[in-house]
Amino acid sequence: QKGETVRIAFMDPLSGPFANVGQNQLKSWQYVADRFSNKNAAGVKFEVVGFDNKGSPQESLNTLKAAIDQGFRYVTQGNGSGAAWAILDAVNKHNERNPGKEVVYLNYAAVDPAMTNAAEKPGTPECSFWHFRLDADTSMKMEALTSFMKDQPKVKAVYLLNQNYSHGQQVAKYFKDAIARKRPDVKIAGEDLHPIGQVKDFAPYVAKIKQSGADSVLTGNWGQDLTLLVKAMNDAGLKIPLYTYYAGVTGTPTALAGGGDSEVYVVAYGHSNHKGELGEMGQEFLKKFNDDYYTFATYNGIQLLSAAMAKAKSTNPVAVAKAMEGLSVKSFAGEVQMRASDHQLQQPMFITKWQKAKPGEYSVEKTGYTFVPIKQLDPYVSSTPTSCQMKRPG
Amino acid sequence: MANKNYYEFKPHNVGRWIIWGLFAAVLLVAPMLFRSSLAHTMLSQMGIAIIVCLSYNMLLGQGGMLSFGHAVYSGMGSFLAVHTLNLVTKGQWPIPVSLIPIVGGLSAAFFAVLFGYVTTKKAATPFAMITLGIGELVWASSLMFPEFFGGEGGISTNRVTGPKPLGITFGPQIQLYYLIAVYTFICTGLMFAFTRTPLGRIINAVRDNPERVEFVGYDTQKVRYIVFIIAAFFAGISGGLATLNFEIVTSEVVSGPRSGAYLLFTFLGGATFFFGPIIGGILMVLAFVLLSELTKAWLLYLGLVFLFMVMYAPGGIASLIMMNFRVAAFGRLKELWVSYLALAVTALIVLLGAAAMIEMVYHLQLNAALGPKLKFLGAELDAKGVNSWFGAAFVMLTGIGLFEVARRHFSRQWGEIQEFIEKEMKRRETL
Amino acid sequence: MTAALELKDLRKSFGKTEIIRGCSLAVNAGERIAVIGPNGAGKSTLFNLISGRFAPSSGEVLLNGHRIDGKKPFEINRLGLSRSFQITNIFPKLSVFENLRCGVLWSLGYKYTFLKFLADLDDANERAEQLLQMIRLHKKRDVLAINLTYAEQRALEVGITIAGGANVILLDEPTAGMSREETRRFIELIKEVTVGKTLLTVEHDMGVVFGLADKIAVVVYGEIIAFDTPENVRANQRVQEAYLGSSVADAQAGH
Amino acid sequence: MEFFTISLLNGISYGLLLFMLSSGLTLIFSMMGVLNFAHASFYMLGAYFAYSTTRLVGFWPALFIAPLLVGLLGAMFEKYALRRVHKFGHVPELLITFGLSFIILEMVQLIWGTSSADYRVPSELGGPLFTLFGTQFPLYRGFMMLVAVLMLIAIWLLLTRTRIGLVIQAALTHPDTVEALGHNVPRVFMLVFGGGAALAGLAGVIGGNAFVTEPGMAATVGSVIFVVVVVGGMGSLAGAFVASLGIGIIQTFAVGVDASLMGAVGMFGINITPESFGFALWKLKISQIAPILPYMFLVLILIFRPKGLLGTREG
Amino acid sequence: MLKIENLHAYYGKGHVLHGVEFEVGQGEIVALLGRNGSGRSTTAKAIMGMVENTGSITWKGQPIQGRKPYEIAHLGIGYVPENRDIFPKITVHQNLMLGQKSSKQVGRWSFDDMYTMFPRLKERQHTEAGVLSGGEQQMLTLCRTLMGDPELIIIDEPTEGLAPKIVELVGEYLKTLKAKGVSVLLIEQKLTIAMAISDRALVMGHGSIVFNGTPDTLRADAYIRKEWLEV
Ligand SMILES: Nc1ncnc2c1ncn2[C@@H]1O[C@H](COP(=O)(O)OP(=O)(O)OP(=O)(O)O)[C@@H](O)[C@H]1O
Ligand SMILES: Nc1ncnc2c1ncn2[C@@H]1O[C@H](COP(=O)(O)OP(=O)(O)OP(=O)(O)O)[C@@H](O)[C@H]1O
Ligand SMILES: CC(C)C[C@H](N)C(=O)O
Ligand SMILES: [Mg+2]
Ligand SMILES: [Mg+2]
């Protein structure tokens, strides 16, 4: 075990329209792997190799085959729940059909709660022993976010604007659930679902929001659908807070900064102004790659893996997977635990606010803006129950 | 009519037997030559791609219908197939797994009956644009209706289900490969046979001159409609096979880019010949799976290949092959070997130099932090070093020079041979 | 006896201009009619109305006593009327043989079938071969239509027209662009292949007109001003004024 | 009333934006018959060129330089590539622009990176133009509308005051004959294609900072601009203009309509429940499909009026 | 004016003209006769720079070989192609407009002249040219070229598909052209009007000129007529 090399196959879009995100994240994995090689609990060397799945579920299956052919036993992926579920499903089948050659899947960013719960219908995602999620799923983030919002007296009428696909639909649904529990007085001023990636001009939505009298907007939008929304709100002079999931993703901060000042909150398991080791790493990453390090799940992922390998005294995926169950490690923000019942990492959450960076604060994408944490929530706050009935091998 | 005084394709034509025999043999032995599991899925996907590209060419090459939405039909085939397979798993429908692709085909044909009615009312640009519109609509809905399309995660399934005749479970990829191979062979055969039927001929006539077709008794709209449905049927079969192969269906299968890929690769293979799309299908899988693994710049290479192919070989690869066949038929191919070799070698040199530079640029842009060194075909390049750049440029320029020499020689030779063939044909005509 | 083809007060306007202004005509089965008239008189338009390319604005067209006005071209063709075009209109990327076979298929009842091989359709193949011989293109059997010479394309045009075995044939300037000699041969051919059929031809070459026609219809400004035997038409004063009455016509006709 | 006025304003400005995006395509598509799939890529190039030139010489010069550069590239592409495939027909023409769009995308990513570029609206154009019922109407949007209208006038003058349009239309069927009449056909084609590309570039200069300048920007506007051109009618600039405005306004208002089929049949006493067949379809609100309405128009228009709103020909 | 020496022309590898030589003088009507496929149209296209050719073509003493068709047109040679290459999607009037080399050009002929010559065109001036009758299209091509005010006009089979009366009219009109100092190279195969109006006749056979003389000598030369023309 000590001195062994653990090779991890990274599969995300490395070409095409989403390449920017994938490439940043590949670098993050490689950087972290490099940094902790041989300097970890298990004393193993990590090597991360990128495979381009072009964001496509079917291509993911090909890259998975290629990776398995090349002897990879650990795969990691995060961009897009479609590809995630395709990979997980294929991993399940591979492991079932090829005992002794099991593969473990580390999911660092795909947040569909279905992947850590029981299946709704046959053929839809469900939890799996081979899957470990390092990010927090949509429902957990919503718990955190609503816990923050319930303390905001300003928030009385919320407008829900989301992309019309599973993620957006879930955001809307979980918000309504959670807020009804926590602040029954908060009204849903309006709700809209729009086709993903099809809206070129958000002004009509902004007009509708304005007309509804909402005092805040909640959205799970990402990419253009988010930046265009923010810009449209700015243009129309609609200055109400916007609660988001994905304002921190590569490219979005740059676009946000171009739109001027706006009140944007993000819920995430990290932020841009961590001190200590992670802060250092951010600086070093910036120097080395001229890019921001924000996929901190890579840090937790490597910590978790090495701890599990040390515990299992092996790099065998089955043993390591078993060892990871219920395992606690120290993360950049305190203790985190891989919950055994559904393989969902339980971790602290942060609410951060987008604002001009003060001296000493990290300038995100060199925009002069930053995400400052305004609230940290302990793991239990965002923890959600699971319906998963884990089937374990053997 | 015992004594036909004309020559026609006879079903027992020896040449045809050989070609189809070879095709079957290739399908049979391919997985034995390429044995890795990736190779097996790629071979399976090639079979699937061959069927769908051939079906696309029923529209494009044979019917002159430029569709931007063929993925709607292969994709709907996939979705219906996956739902059916899941019902089979639940024990509700007793359909053997090996017939699932037919379900895909029938459901695609059903959607073609539905959408095709409006689509095929028009030809040419309006046709192309209606397919674009319907394609976009279906794609957009595919994400909006998770109940049917499974949302972002799509719908997964397990092909190991139902009765297992002779112990065939279709679990191992190789078993599935042979199922796909059988389908590929049969569908190719059927689609070829189609080109030899009255409808198959009339659709060519509709492509060439729809107006005149109306004056020989045919309703062009109906001709297009029927062919559209048949093409969709085969597309659906390929969709059903894809369901079995990937065991998951997500909305990307009905996406615009998917339709675009069918068009691109059918054309690259060669739309004017029946076998062109077979080449296209194979290339499609190679490009998406292998090329993208080899280099980050794959989209650039793909774009360049298209640019040059369209400019210099608008008939696709099939037309290049057929041109050489013609030369061979007149017994002059032998002389060209040297030229071809020279062309190939010099082109390779150009490619080497150019690719080295492209790779260095990409390296600088994407991986600069990992140091300026990169591996290129075993050699080590220094993306920041003058030497590597100079070397690559030198290789490319010499290559270009040599290639030009070879090309001039070749084109003279080629022209001379073509002239000879023309003359020879005239001579034979007068005999 | 009903006429093979009958027009009753046929009219057609494009926008505000009325191009066909009340044409009536009855053609008996087996007659050969030449349609002549100045340029732009509406001869081709008349053919377009009869063959279903355009729908008439008013009036009736009867084929063997059945109304066909307003029907689609393919429906009219199925009822036994076929036409050729002034500007060659063939299937350029099919071989000569295939061109003819396409013309034959429907009439032999093969319709939209894709369950039979063309090669097995002995009657269709036989008929196409016959046609090849008839239009003297058997040497060019497998040449793509686009590669034929102009005269050969014209012959093919006529070949496709008669392929379906229609009883009423409309030919629009079949000899346009041909040399004298070719024209002569071609007229022979037309006579040969249309034996026993009703034929309407548009022509400007008076030599052809007088050589071919049993009767001549003269169209001027969208009206049929005369419909009679060649001698009577030639003698007709109005026709002389409107159309004939030039040295060129005389030279052609007297040839 | 308030909502109506603002929506109308939004609709018009969105429509004009669509027109700006598609005017160059109309020019190329309707005149040369080329389905230019790289049009959106030229739009993207315009944005990136503007981004770079703005940093060097400021926004106003960039407003002219960037479209010029894009136009030059377009003209070169026409001269060295497109022209060669013209004789092979429409499909190869289309495919070569497909290839080009790949190449441009990769080049953009190589030169400017895969992330979005920080291309901002110049400060003198920031801020609101006026405020209506408490909603600001941004100055930059006004500027955009102005440019779109100027584009319309410029193309209109080009088409009516010169014979370029005629030459091209004639050359589509008989290029040799047009040339024999004394017109330099290749140059006209090059100019038109270059001009179309430059218009796309201009749209990029203005759209790039109003929206987002990133490698994905071409794909997002890709097919909707075809819709505008086709719905308006091929060969009709006025049609494209009307279609842009129409689509803009209808789409904007549709966002405000929360009616659904379920509601509609509900008025007749038919109750649709989540168990009903196709519930997802029944409950779909018009506002939810607003952004894909253009594709529905496209299909409907082509079926019932294949020439498009104001077009004169079908293909 | 136009002088052609040793002209060879090729379609790809097909060698069609084999050393054609002739001249057309100022204000002269020269008929170029010959059978189908003898190469008359090719000669016209070669002069216009529309097919690959070698040899020498001089126009007013200036070599024009290798020039682009539009340059040649600007030098004052007009060409009326066979096959009625009208532009189908634009109106009759617009077709005529395209005959002018620029919108400001003023030539010997105005739109009105054209419309008086063929009143039929005036009636149809705002219709799409594609729907014109065959004969109307033929008139239009002729007029279109005249609008460019050429000094030499090459006309390829202008009487094809025209009613006899109109054929006569065209003949008359060519004579007026001549009267205005325009040279005409008339390609024909029906001899009737060519012989009536031309000053000189050329007969072409298998890609070279086999006869060059006055119409009267041609009429007298039975051998040439039998061998190279049809009677
Ligand atoms: N679709 C149409 N729209 C408008 N006008 C038309 C249309 N079709 C024909 N015409 C006009 O109708 C008139 C008659 O045309 P037609 O083609 O029938 O003449 P024709 O008698 O065949 O003449 P030609 O002998 O010159 O061929 C012409 O003036 C023509 O411009
Ligand atoms: N585009 C072409 N490609 C190849 N060969 C051609 C082409 N055009 C004409 N030819 C050949 O060139 C020769 C001369 O043709 P040309 O058109 O000059 O004859 P022509 O005397 O004008 O006869 P026509 O009466 O047919 O107009 C013919 O043998 C013809 O086959
Ligand atoms: C689909 C397009 C490329 C076709 C073209 N506009 C036509 O008229 O046929
Ligand atoms: Mg006519
Ligand atoms: Mg000729």
Side-chain angles (χ1 to χ4, degrees), chain B residues 60-61 64 66 68 115 117-119 121-141 144-149 256-257 260 263-264 267-268 271 296-312 314-316 358 361-362 364-366, chain D residues 29 33 35 37 80-82 84-85 87-107 109-111 113-114 219 222-224 226-227 229-231 234 278-281 284 288-289 291-292 294-303 306-308 313-315:
Chain B
L60 180 67
L66 175 61
F68 290 122
F115 299 150
Y117 183 69
V118 293
T119 320
K121 273 198 158 164
K122 302 287 162 206
T125 314
F127 173 87
M129 287 293 140
I130 296 181
T131 56
L132 180 80
I134 291 186
E136 291 280 343
L137 284 174
V138 171
W139 186 21
S141 341
M144 295 195 310
F145 301 118
E147 291 85 349
F148 179 80
F149 295 100
L263 163 61
L264 249 51
F267 187 85
L268 188 62
K296 298 267 172 306
W298 72 285
L299 274 171
L300 181 65
Y301 291 120
L302 205 61
L304 288 171
V305 165
F306 269 107
L307 209 70
F308 284 116
M309 278 301 287
V310 176
M311 275 163 69
Y312 298 105
I358 293 175
V361 175
Y362 269 76
L364 280 180
Q365 179 59 245
L366 298 177
Chain D
F29 187 25
L35 277 177
F37 268 81
Y80 293 108
L82 190 62
R84 286 166 176 271
V85 307
K87 57 180 172 296
F88 304 137
H90 283 309
V91 177
E93 275 178 342
L94 172 122
L95 289 175
I96 202 167
T97 62
F98 240 107
L100 179 71
S101 69
F102 285 1
I103 295 172
I104 291 182
L105 177 61
E106 287 297 297
M107 285 303 176
Q109 294 194 348
L110 272 186
I111 298 171
T114 47
S223 42
V224 78
F226 279 101
V227 177
V229 174
V230 175
V231 169
M234 288 166 230
F279 176 68
L281 206 64
L284 205 63
Q288 287 176 9
I289 54 164
I292 53 171
Y295 300 108
M296 282 191 185
F297 285 150
L298 175 74
V299 174
L300 292 178
I301 278 273
L302 284 173
I303 294 168
K307 289 175 177 160
R313 59 194 162 94
E314 287 198 10

With rounding to the nearest 0.5 angstrom, report the [atom1] to [atom2] distance, [X] to [Y].
| X | Y | atom1 | atom2 | result |
| --- | --- | --- | --- | --- |
| D/Leu94 | B/Phe267 | CG | CZ | 9.5 Å |
| B/Leu66 | D/Leu95 | CG | CG | 8.0 Å |
| B/Leu132 | D/Tyr295 | CG | OH | 7.0 Å |
| D/Ile103 | B/Leu299 | CD1 | CG | 10.5 Å |
| B/Leu307 | D/Thr97 | CG | OG1 | 10.0 Å |
| D/Phe102 | B/Phe306 | CZ | CZ | 7.0 Å |

Given the rule in the side-chain contact (heavy atoms from CB on, under 4.5 Å) test, do D/Tyr80 and B/Met311 qualify, once you have shown the distances and angles that lead to the verdict? CA-CA 10 Å; D/Tyr80 293 108; B/Met311 275 163 69; 5.9 Å; no
Between B/Glu136 and D/Ile292, is the side-chain contact (heavy atoms from CB on, under 4.5 Å) condition met? List the steps. CA-CA 8 Å; B/Glu136 291 280 343; D/Ile292 53 171; over 6 Å; no
Highest number of heavy-atom pairs under 4.5 Å with chain B: which of D/Ile303, D/Ile104, D/Val227? D/Ile303
Highest number of heavy-atom pairs under 4.5 Å with chain B: which of D/Leu300, D/Leu298, D/Val85, D/Ile96? D/Ile96
Show your reasoning for whether ring-ring contact (aromatic ring centres under 6.0 Å, His included) applies to B/Phe68 and D/Phe226. CA-CA 12 Å; B/Phe68 290 122; D/Phe226 279 101; 7.8 Å; no
Among the options B/Leu263, B/Thr131, B/Thr119, B/Leu264, pick out the one with the most heavy-atom pairs lying under 4.5 Å from chain D.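 Most heavy-atom pairs within the cutoff with chain D belong to B/Leu264.
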Which atoms of [X] approach chain B - backbone, side chain, both or neither, heavy atom under 4.5 Å:
| X | result |
| --- | --- |
| D/Phe297 | neither |
| D/Ile289 | side chain |
| D/Met107 | side chain |

Side chain, backbone, both or neither: which part of B/Tyr312 has an atom under 4.5 Å from a heavy atom of chain D? side chain
Side-chain contact, heavy-atom cut-off 4.5 Å: D/Ile301 with B/Met129?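 D/Ile301 vs B/Met129: side chains apart.
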